[in-house]
Amino acid sequence: MTLNKFMHPRNIYFNNPPDFAKLCEKYPDFKSHTLTSSSAKVNIDFKDPEALRSLTCTLLKEDFGLDVHLPIDRIIPTVPLRLNYILWIEDLLRKSDIPLDRQINGIDIGCGSSCIYPLLGFKLNNWKFIASEVDSLSLQYAKENVQENNAENFITVYEAVENTMLLEIIADNPRPDYHFTMCNPPFFGNMLEAQGILSRSMDRAEPKSVCTAAEIECIADGGEVEFVKRMIQDSLKLRHKVLWFTSMVGKKASLPLIKQDLHKHKILHFTTTEFCQGRTMRWGVAWTFHDEVEILPPAKRSKPSKERPPLRIPVPQKYIEKVLSAHPKVKGQLNKVKFFCREVKKCLKNLEITFNKMQSTTALYQYQVTATKNTWSKQRQKRRQNERMQGDTIAETDAQQQHTEEFTNRCANKDAVDIRETEKSDQKNELLKKDHMIDNDLLNSGYDTMSGVAHTSNHGDKSQTIEGAAVGQSNADKMDFLFKCVLAIKMEDGNILVELSWIDGKSREFMHQFGQYLKNFFKREISVYIQQQLL
């Protein structure tokens with residue numbers, strides 16, 4: 001999913017992606033790395049480091065007038081994403097009542113070979129920067145890029161010692177005040193994490209572009225969390241010498257850990273943001289010790305309310321044939337839909353789902369349906385259970401009748417029957433009948449899984465029956481519905497279609513279960529219809 005629509009609103013690439021075709025006309029080197037499709041669409045292979053480098057250099061030249069040279073074995077920055085960070089710094093300063101037309105001093109920790117943040121800040125706002133770097137190759141390229149763009153009076157490329165942070169930079173480059181620090185820290189703690197073996201979930205798609213970063217640029221002890229924690233430690237000693245301390249974060253899971261460390265040191269004035277570009281998502285965190293500064297609310301991309309499409313259930317033609325078989329004189333599509341609608345309403349009544357007719361300009365028939373209980377799940381199991389229960393009752397009745405006949409025959413064949421023994425036998429027979437009546441009462445007092453109604457024994461206490469009815473009425477008054485949806489019956493290309501559109505409820509899953517029930521219902525009715533035809 002592209003995230004371009006969540007770019008910073010002042011980003012020049014927001015809703016205005018680079019026109020590769022026009023860039024090809026102006027920049028031959030860029031054209032040599034492009035691909036043209038059969039539909040004349042121009043693109044590049046983002047997994048080709050040469051093409052990626054050419055794109056970055058071309059955009060910096062075309063849109064900012066910057067001439068930049070990049071080594072192929074170091075980070076190749078994406079311009080829109082870096083621009084987002086600069087624009088966020090602008091927002092922080094504006095919110096702090098710092099006029100952007102005054103001299104702004106910033107620090108970039110790890111400027112890289114491109115020195116892109118200081119060059120963009122210089123070009124857009126005339127900001128002055130201390131650009132620190134520990135890698136010798138990146139340091140060389142950064143100095144050359146600053147000189148190439150005549151920015152020596154604005155950008156000082158500072159060779160830092162590895163494992164040093166803000167304290168040493170500011171000590172060696174004293175100024176009256178610094179307005180911000182920024183940093184794109186090494187994201188990973190080791191090579192396995194950098195290669196995605198430890199950090200990338202199995203179901204996550206592979207990155208669309210190549211990574212050219214050197215190990216020193218992407219790996220640090222403890223990863224980005226420990227790197228930012230060290231910045232926080234230095235900020236505690238610098239406090240009012242810097243207005244805003246900021247850093248980019250590459251993994252969303254790092255944010256809570258960094259916030260936890262800020263709280264640990266009682267730093268309560270902080271904010272976060274999101275940097276979005278293409279399919280890449282990064283985060284920013286900023287904190288300050290100036291209590292008078294107004295804090296930007298955390299920026300978070302707002303997900304537009306996306307209305308889900310309705311659940312569409314095509315009605316098989318064979319089922320319509322089955323419905324119309326009882327009405328052979330019916331003709332015309334509208335009459336077919338009318339009789340189909342009757343069957344749908346019967347089905348809803350059997351499931352104890354309420355429905356109310358609605359006016360519609362797009363459907364032939366439309367109803368608002370409300371389900372208060374699940375009467376559609378495990379229908380096959382319920383039917384089989386009911387059949388077994390009925391079968392057991394019939395078998396028990398047959399056994400009782402057989403027992404009575406055998407007993408009568410034995411009595412009739414005796415030549416001499418003692419009256420006392422006969423009375424005992426009659427009493428035994430009565431007891432058997434009563435036992436049978438009690439067994440049936442117990443059987444019928446169980447839960448009827450087909451209808452979902454609890455039956456009360458006729459031999460039970462009447463007060464219990466009245467109390468049960470009262471409880472049932474009270475529960476019905478308080479009953480919450482499982483789901484509400486619009487059931488629309490439409491005709492498309494000569495075929496009847498049922499659409500279920502969600503309104504409200506506990507879970508959409510209930511509506512989808514009901515939709516699946518309808519599909520199974522159609523298939524079952526078709527099967528019965530075909531069997532009847534074969535007989």
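Hydrogens, waters and symmetry mates play no part in the numbers below; they use all other heavy atoms, side chains included. Residue indices begin at 1 and follow the sequence shown.
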Derivation of the side-chain contact (heavy atoms from CB on, under 4.5 Å) call for Phe245 and Ile232: CA-CA 8 Å; Phe245 300 89; Ile232 294 173; over 6 Å; no
Audit row: His8, Asp91, side-chain contact (heavy atoms from CB on, under 4.5 Å) steps and yes/no: CA-CA 10 Å; His8 194 288; Asp91 294 339; 2.6 Å; yes
Check against ring pair (Phe, Tyr, Trp, His ring centres under 6.0 Å), Phe340 and Tyr365: CA-CA 10 Å; Phe340 169 73; Tyr365 294 91; 9.4 Å; no
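Under the side-chain contact (heavy atoms from CB on, under 4.5 Å) criterion, Gln513 pairs with Asn374, Trp376, Ser377, Glu509, Phe510, not counting sequence neighbours. By the side-chain contact (heavy atoms from CB on, under 4.5 Å) test, Lys523 is found to be paired with no residue, residues two or more places apart in sequence or in another chain being considered. Lys484 meets the side-chain contact (heavy atoms from CB on, under 4.5 Å) test with Gln368, Thr370, Phe481, Ile503; sequence neighbours excluded. The side-chain contact (heavy atoms from CB on, under 4.5 Å) check on Arg342 picks up Lys338, Phe339, with sequence neighbours excluded. Every residue two or more places apart in sequence or in another chain was checked for a side chain to side chain donor-acceptor pair (under 3.5 Å) with Ser507, and none qualifies.
A pairwise comparison of heavy atoms in Thr272 and Trp88 identifies C-CZ2, 4.3 Å as the closest pair. Across all non-hydrogen atoms, the minimal contact from Ile72 to Arg53 is N-NH1, 3.5 Å. A pairwise comparison of heavy atoms in Leu92 and Ala286 identifies CD1-CB, 3.9 Å as the closest pair. Taking every heavy atom of both residues into account, Ala51 and Asp45 meet most closely at CB-O, 3.7 Å. Across every non-hydrogen atom of Cys485 and Leu500, the tightest pair is SG-CD2, 4.1 Å. The minimum heavy-atom distance between Cys276 and Asn84, with the atom names listed, is O-ND2, 3.0 Å.
In this structure the side chain of Val79 reaches within 4.5 angstrom of the side chain of Leu60, judged on heavy atoms. Side-chain contact between Leu497 and Ile489 is absent, with no heavy atoms from C-beta onward closer than 4.5 Å. Considering only heavy atoms from C-beta on, Tyr517 comes within 4.5 Å of Leu351 through its side chain. Counting heavy atoms from C-beta on, the side chains of Tyr117 and Arg82 come closer than 4.5 Å. Under the 4.5 Å side-chain criterion, counting only non-hydrogen atoms from C-beta, Lys318 is in contact with Tyr529.
Look at Arg282 and Glu274 and you find no salt bridge, because none of the NZ, NE, NH1 or NH2 atoms lies under 4.0 Å from a carboxylate O.
Annotation for Gln516: atom CD counts as buried by contact number, over 12 foreign heavy atoms lying within 6.0 Å. The neighbour count for Lys22 NZ, taken as heavy atoms of other residues, nucleotides or ligands under 6.0 Å away, does not exceed 12.
For the atom pair Lys31 NZ and Ile44 CD1, the distance stands at 16.0 Å (nearest 0.5 Å). The CZ atom of Arg94 lies 12.5 Å from the CD1 atom of Ile89; values are rounded to the nearest 0.5 Å. The CG atom of Leu55 lies 10.0 Å from the CD1 atom of Ile76; values are rounded to the nearest 0.5 Å. Taken from CD1 in Ile86 to CD1 in Ile116, the straight-line distance is 8.5 Å, to the nearest 0.5 Å. Interatomic distance, Glu226 CD to Leu257 CG, rounded to the nearest 0.5 Å: 9.0 Å. Rounded to the nearest 0.5 angstrom, Asn43 CG and His33 NE2 are separated by 14.5 Å.
In this structure, Tyr367 and Phe355 have perpendicular ring planes: the angle between them is above 60°, well past the 30° mark. A tilted orientation is assigned to the rings of Phe522 and Tyr319, their planes being inclined by 30° to 60°.
Without hydrogens or angle criteria, Ser325 side chain to Lys322 main chain gives a donor-acceptor distance under 3.5 Å. Thr36 places no side-chain N or O within donor-acceptor distance of the main-chain N or O of Ala40, the cut-off being under 3.5 Å. The backbone N or O of Glu50 lies less than 3.5 Å from no partner atom in the side chain of Ser54, so there is not a single donor-acceptor pair. Formation of a donor-acceptor pair under 3.5 Å by the Arg10 side chain with backbone atoms of Leu87 is found in this model. Looking only at distances, no side-chain donor or acceptor of Asp493 sits under 3.5 Å from a matching main-chain atom of Asn495.
For the residue pair Glu224/Ser254, the side-chain donor-acceptor check at 3.5 Å is satisfied.
For the pairing with Tyr85, the side chain to side chain donor-acceptor pair (under 3.5 Å) check across Thr246, Asn184, Thr273 returns one residue only, Thr246.
Within the structure, the salt bridge (charged side-chain N to carboxylate O under 4.0 Å, His left out) test picks out the following pairs touching residues 496-507 (sequence neighbours left out): Arg312-Glu499, Lys490-Glu499.
Less than 6.0 angstrom separates the ring centroid of His263 from the ring centroid of Phe270.
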